Trainee: 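Pasting a structure below so you can have a look.
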Amino acid sequence: MGTNQRKHTRYDNPKGIFNITTDKKTWHEIGLEDISAGGMKFTTSASFDVDEGIQAVLTLRNRIKDDNTLNLQGTIKRKIELDHGVNAYAVEFSNVNAKQLTNL
């Protein structure tokens with residue numbers, strides 16, 4: 001059970017500005033916990049449903065380039081209610097391409 005069976009390398013605690021929407025009108029800033037080519041985990045006080053589609057605009061800061069902005073679509077696969085009205089979500093991406101993978 002202690003082995004990591006993830007398909008993609010995960011990057012923990014990325015730095016940047018991270019926003020998501022479900023309707024392309026109302027945007028929510030999120031706390032991005034980790035991201036990989038397959039998906040991401042984030043926290044927010046906003047409430048979403050499992051299997052709900054999202055669009056994410058993630059502006060990542062890294063050592064190679066000051067800002068890399070990724071526009072990604074995905075589906076919420078898991079929701080965990082945390083303390084103080086905060087929820088944690090796991091998202092599976094549906095549109096990651098080769099260029100975006102190199103930016104991760």
Side-chain angles (χ1 to χ4, degrees):
M1 269 230 172
T3 61
N4 186 349
Q5 297 182 12
R6 290 182 179 267
K7 189 175 185 180
H8 304 284
T9 302
R10 175 178 48 189
Y11 299 95
D12 294 325
N13 301 312
K15 305 292 184 233
I17 300 170
F18 315 115
N19 294 283
I20 66 164
T21 185
T22 57
D23 61 9
K24 296 184 182 180
K25 296 176 188 172
T26 305
W27 289 86
H28 305 276
E29 190 166 346
I30 62 169
L32 189 58
E33 293 195 5
D34 68 50
I35 187 169
S36 74
M40 68 180 179
K41 288 194 303 187
F42 69 92
T43 58
T44 182
S45 58
S47 183
F48 305 106
D49 296 323
V50 171
D51 294 326
E52 189 166 12
I54 61 111
Q55 178 179 346
V57 176
L58 311 174
T59 303
L60 300 163
R61 294 192 180 102
N62 63 36
R63 291 179 225 133
I64 299 169
K65 188 176 176 185
D66 287 339
D67 290 326
N68 289 313
T69 299
L70 303 175
N71 291 294
L72 303 165
Q73 283 82 43
T75 303
I76 295 175
K77 295 297 182 178
R78 187 174 57 245
K79 176 181 181 178
I80 300 170
E81 294 180 16
L82 304 174
D83 294 332
H84 310 293
V86 175
N87 299 303
Y89 296 92
V91 170
E92 180 179 43
F93 294 138
S94 58
N95 73 321
V96 177
N97 63 43
K99 182 180 178 195
Q100 291 169 317
L101 291 177
T102 59
N103 287 333
L104 290 177

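Computed from a predicted model, the values in this text were never measured in an experiment.
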Trainee: Counting distance only, does the side-chain N/O of Asn87 pair as donor-acceptor with the main-chain N or O of Ala46 below 3.5 Å?
Mentor: yes

Trainee: Enter the distance from Ile54:CD1 to Asp49:CG here, rounded to the nearest 0.5 Å.
Mentor: 13.5 Å

Trainee: Can you see which heavy atom on Ile35 is nearest to which on Pro14, and at what distance?
Mentor: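 Closest approach of Ile35 to Pro14: CG2-CG, 4.2 Å.
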
Trainee: What verdict does the side chain to side chain contact (heavy atoms under 4.5 Å, CB included) test give for Val57 and Trp27, after you've listed the backbone C-alpha separation in whole Å, the side-chain angles of each residue and the deciding distance to 0.1 Å?
Mentor: CA-CA 10 Å; Val57 176; Trp27 289 86; 3.6 Å; yes

Trainee: Testing the basics here: between Glu33 and Thr43, what is the closest heavy-atom pair and its distance to 0.1 Å?
Mentor: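 Smallest heavy-atom distance, with atoms named: OE2-CG2, 2.8 Å.
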
Trainee: Applying the side-chain contact (heavy atoms from CB on, under 4.5 Å) test to Gln55, which of Asp23, Thr21, Thr22, Asn95 qualifies?
Mentor: Thr21

Trainee: Got a second to check how far Asn71's CG is from Thr59's OG1, nearest 0.5 Å?
Mentor: 8.5 Å

Trainee: Would you find a donor on one side and an acceptor on the other, under 3.5 Å apart, between the side chain of Lys79 and the backbone of Phe48?
Mentor: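 Here the side-chain-to-backbone pair exists.
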
Trainee: Using 0.5 Å steps for rounding, measure from the CG atom of Asp12 to the OG atom of Ser36.
Mentor: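 If I round to the nearest 0.5 Å, the distance is 10.5 Å.
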
Trainee: Measuring from atom OG1 of Thr69 to atom CG of Leu58, what distance do you get when rounded to the nearest 0.5 angstrom?
Mentor: 9.0 Å

Trainee: How many angstroms lie between atom CG of Leu32 and atom NZ of Lys41, to the nearest 0.5 angstrom?
Mentor: 10.5 Å

Trainee: Indicate, with yes or no, if Val86 and Ile80 share a hydrophobic cluster defined by side-chain heavy-atom contacts under 4.5 Å among Ile, Leu, Val, Met, Phe, Trp and Tyr.
Mentor: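 Both belong to a single hydrophobic cluster.
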
Trainee: Suppose we call two aromatic rings close when their centres sit under 6.0 Å apart. Are Phe42 and Phe18 close by that rule?
Mentor: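 Judged by ring-centre distance (under 6.0 Å), Phe42 and Phe18 do not meet the cut-off.
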
Trainee: Would you compute the distance between atom CD1 of Ile20 and atom CE of Met40 and round it to the nearest 0.5 angstrom?
Mentor: 6.0 Å

